[in-house]
Number of protein chains: 2
Amino acid sequence: MITLMRETSHTTSQFAPRVTISDLSSELGLAKGTVSRALNNYADISASTKLRVKQAAEKMGYRPLSHAQAIKTGRVRSVGLVLQNFEHDGHRPFLADFLAGISNAASQEGWTMTLAMANSEEHTRDTLARLVDERKADGFILPRTYLKDARIDSLREADVPFVLYGRTEDQAGCAWYDIDMKTAFEQAVTQLTNLGHQRIAFLPGGDGFTYSKIRYQGYVSGLTMNGLSYEASLVGKASVDQGSGYENTGQLMAAAQPPTAFICAVDQAALGVYQWASERGLQIGRDISVISYDGIPEGAMMTPPLSTFAVDNQTAGARLTELLIARIRGAAPENLRELGPATFLNRGSHGPVSPAGHMCQKTTVSN
Amino acid sequence: MITLMRETSHTTSQFAPRVTISDLSSELGLAKGTVSRALNNYADISASTKLRVKQAAEKMGYRPLSHAQAIKTGRVRSVGLVLQNFEHDGHRPFLADFLAGISNAASQEGWTMTLAMANSEEHTRDTLARLVDERKADGFILPRTYLKDARIDSLREADVPFVLYGRTEDQAGCAWYDIDMKTAFEQAVTQLTNLGHQRIAFLPGGDGFTYSKIRYQGYVSGLTMNGLSYEASLVGKASVDQGSGYENTGQLMAAAQPPTAFICAVDQAALGVYQWASERGLQIGRDISVISYDGIPEGAMMTPPLSTFAVDNQTAGARLTELLIARIRGAAPENLRELGPATFLNRGSHGPVSPAGHMCQKTTVSN
DNA sequence: ATTATGACCGAAACCGGTTTCGGCAAGTTA
DNA sequence: TAACTTGCCGAAACCGGTTTCGGTCATAAT
């Protein structure tokens with residue numbers, strides 16, 4: 001009985017009384033359509049009526065229902081985001097920041113964010129398809145882009161607006177925001193060569209990801225910028241977590257002329273370098289130098305604290321939604337491409353090349 | 001020119017052709033309303049037509065537009081979530097799991113999730129109000145509940161369905177899911193007393209949070225269950241991160257009869273205990289025992305690995321959305337309250353009370 | 001003095017669904 | 001057989017907006 005009453009009252013009075021556009025029009029003595037056009041700045045409404053309507057709307061607290069407009073306009077004023085939580089989670093610590101950036105930028109424009117998570121590539125495609133089909137979002141932010149990315153293909157084909165966090169091989173029709181990782185990794189090489197290092201190893205990121213290729217290119221470019229020659233034996237295999245970082249460190253250090261410094265595509269791999277070194281009594285920053293990328297919080301708590309390039313995921317999220325909204329409003333994707341900076345956290349994990357230690361002669365160095 | 005064409009084609013052909021309910025009705029030779037009622041299982045539609053309609057809908061790939069239905073029903077089939085990212089972020093590592101749970105459970109019912117983040121209590125209220133006002137969600141999940149929670153008050157007053165992750169002081173009209181933390185902390189005390197500990201300290205969580213009170217109650221109840229008397233001097237101040245945990249550990253260990261074991265309301269505080277001990281050459285698990293709560297990933301990487309109660313935030317998110325959807329569909333909140341288990345990770349940070357060390361005589365022990 | 005031209009607004013159609021209402025045919029009851 | 005249900009469906013109103021289409025009136029052009 002009580003239950004019944006609850007249900008009833010719930011379905012009837014549900015919310016505070018809303019003011020609709022009809023309320024506004026009858027209050028103003030204008031036609032409903034006129035009010036709508038005034039609010040949407042149509043050219044055939046006089047400036048004075050526009051002002052009057054807008055003031056009344058403000059005063060009466062009128063807020064259009066986005067789903068009511070959507071039925072005619074096809075836009076729900078929402079940015080879509082499908083996260084893949086099956087990947088190596090180097091970006092997990094930044095998730096909250098990233099989401100905060102999106103959320104804030106979206107609400108700035110009166111938009112909202114609809115979020116879904118997928119646990120496989122197929123699940124991602126299905127989820128994306130469902131959200132598109134049900135028009136739950138007007139466009140999408142695609143994080144963690146691949147060189148060849150099925151999500152991009154399907155959205156491009158369906159002509160659904162999207163923006164990439166990262167780049168991809170075929171940029172046609174793609175708007176994107178990315179971090180200038182190439183410069184960052186060039187700087188990493190420069191830092192180390194300035195400290196005397198000449199055998200600088202590189203631990204790349206996950207295969208297939210665009211970020212992985214670009215960071216690698218930055219490493220290579222940094223070598224030539226500093227007059228060092230590229231050596232394939234100094235490049236490890238994909239290292240995306242502590243375990244793989246640890247293993248690949250061991251592999252590279254077993255060489256006849258082991259590296260004196262490591263550049264890691266991701267911080268998690270750097271933790272593996274730390275582990276390998278500490279197990280052998282070697283001190284990071286003195287016996288082995290490490291510079292890495294991501295800026296995970298654990299990095300600050302290591303001994304010594306990890307020198308790394310930090311990225312501001314909150315502004316990334318914010319810029320991405322601004323770009324996406326612009327894209328949805330019709331801007332050409334070619335004009336919506338942006339590179340943000342990574343900031344170097346100059347901490348203790350890199351130092352001058354160790355005089356003793358594994359370094360012997362410098363045979364491979366040109367110049 | 002190219003730009004213009006892009007824009008044009010974008011606004012016109014935008015998506016793949018959708019099949020509407022009118023397409024269905026004309027295809028079937030039925031009235032639009034009849035089709036709608038058939039799909040929604042109205043009683044005045046014959047079973048045979050229902051079947052025919054549903055099969056045709058399936059075959060033609062018909063999916064109703066939630067915002068088109070919302071205009072009449074008032075429901076957009078979306079669960080709302082406003083995260084406060086200004087709080088101490090003990091739950092940050094679990095964010096992805098939590099969101100995945102919500103997302104999966106929601107899409108199971110054909111629902112979606114609209115997410116927003118706020119950086120102050122006021123911002124949270126505003127955001128919540130806006131989402132309610134614009135009907136962006138049919139109900140809300142409120143995480144991290146306080147004993148007195150302004151969000152609950154305003155949603156209750158506005159008669160908007162919601163469900164709590166956690167409990168609150170005034171449960172009237174509240175549906176919730178929570179972890180049985182009281183039992184967990186009782187077990188923690190029992191574990192330690194079985195190992196001979198009699199001076200067991202407690203580091204509580206953040207002030208004002210319901211979880212903090214319940215975990216404290218579990219600690220107290222565990223003491224009496226095991227014949228130990230409560231001692232106010234064994235209870236520290238709020239310790240929600242490593243820093244405060246470190247400090248409060250020092251405070252408690254400075255007593256004439258220092259504790260031999262610590263129970264921490266949150267794992268982050270336990271990290272502070274580790275730090276304090278390691279700086280003094282004391283070994284966790286031997287010289288000082290620690291049992292904690294949360295199950296953060298860092299805990300497994302400590303030496304020794306942290307004994308703690310882990311909570312499955314993915315199923316928490318899933319259950320919460322199931323409860324919320326039930327609530328929105330009219331179920332009484334009193335029937336939507338659930339307690340999930342915390343699972344003890346029996347690791348190395350607790351052990352028998354140290355024979356040497358700080359322990360002296362047992363004066364305060366009754367029995 | 002007419003006529004064409006704009007500026008400005010009302011009326012109505014429309015978007016994709018849901019829900020109410022009424023009517024018809026078949027089966028029940030009187 | 002007439003009256004009454006009942007089962008089942010069509011028609012139309014409705015939800016809260018947007019957009020198209022004319023129409024009125026004042027002003028400018030002829």
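Reminder, nothing fancy here: chain letters follow the sequence lines and each chain counts from 1. Heavy atoms only: backbone and side chains are in, while hydrogens, waters and symmetry mates are out.
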A/T49-A/S46 side chain donor-acceptor pair, cut-off 3.5 Å = yes
task = Mind calculating the distance between CG (A/L51) and C1' (C/dC8) to the nearest angstrom?
result = 16 Å
ask   = Between A/I328, A/V79, A/L155, which is the residue that forms a side-chain contact (heavy atoms from CB on, under 4.5 Å) with A/P161?
value = A/I328
query = Taking the inter-plane angle between the rings of B/F98 and B/Y165 on a 0 to 90° scale, is it parallel (under 30°), tilted (30 to 60°) or perpendicular (over 60°)?
reply = parallel
inquiry  = Can you build the contact string for nucleotides 15-24 of chain C? Use B for base contact, S for sugar-phosphate-only contact, and - for no protein heavy atom under 4.0 Å.
reply    = BBBBBB----
inquiry  = Within the 3.5 Å criterion, strictly below it, is a donor on B/Q171 or B/W176 matched to an acceptor on the partner's side chain?
reply    = yes
inquiry  = Could you check whether any side-chain N or O of A/D149 sits under 3.5 Å from a backbone N or O of A/T145, counting only pairs where one atom can act as donor and the other as acceptor?
reply    = no
key: d(CG, A/N41; C1', C/dC8) in whole Å   = 15 Å
query = Using the C1' atoms of the five pairs at each end, what is the angle between the end axes of the helix from C/dA1-D/dT30 to C/dA30-D/dT1, to 10°?
reply = 50°
inquiry  = Whether the B/N40 and B/K50 side chains hold a donor-acceptor pair (N or O, under 3.5 Å, no angle test) is what I'd like checked.
reply    = no
task = May I ask you to evaluate whether A/T49 reaches the phosphate of C/dC8, defined as a side-chain N or O under 4.0 Å from OP1 or OP2?
result = no
query = How about B/K136 and B/S78: does a side-chain donor come under 3.5 Å of a side-chain acceptor?
reply = no
task = Go through the side-chain N and O atoms of B/T124 and B/Q84 and say whether any donor and acceptor fall under 3.5 Å apart.
result = yes
task = For residues B/L39 and B/K54, report the shortest heavy-atom separation together with the two atoms involved.
result = CD2-CG, 4.1 Å
query = Without hydrogens or angle criteria, can the side chains of A/T34 and A/R37 be said to hold a donor-acceptor pair below 3.5 Å?
reply = yes
query = Near DNA chain C, under 4.0 Å by heavy atom, which residues of residues 24-31 of chain B?
reply = none
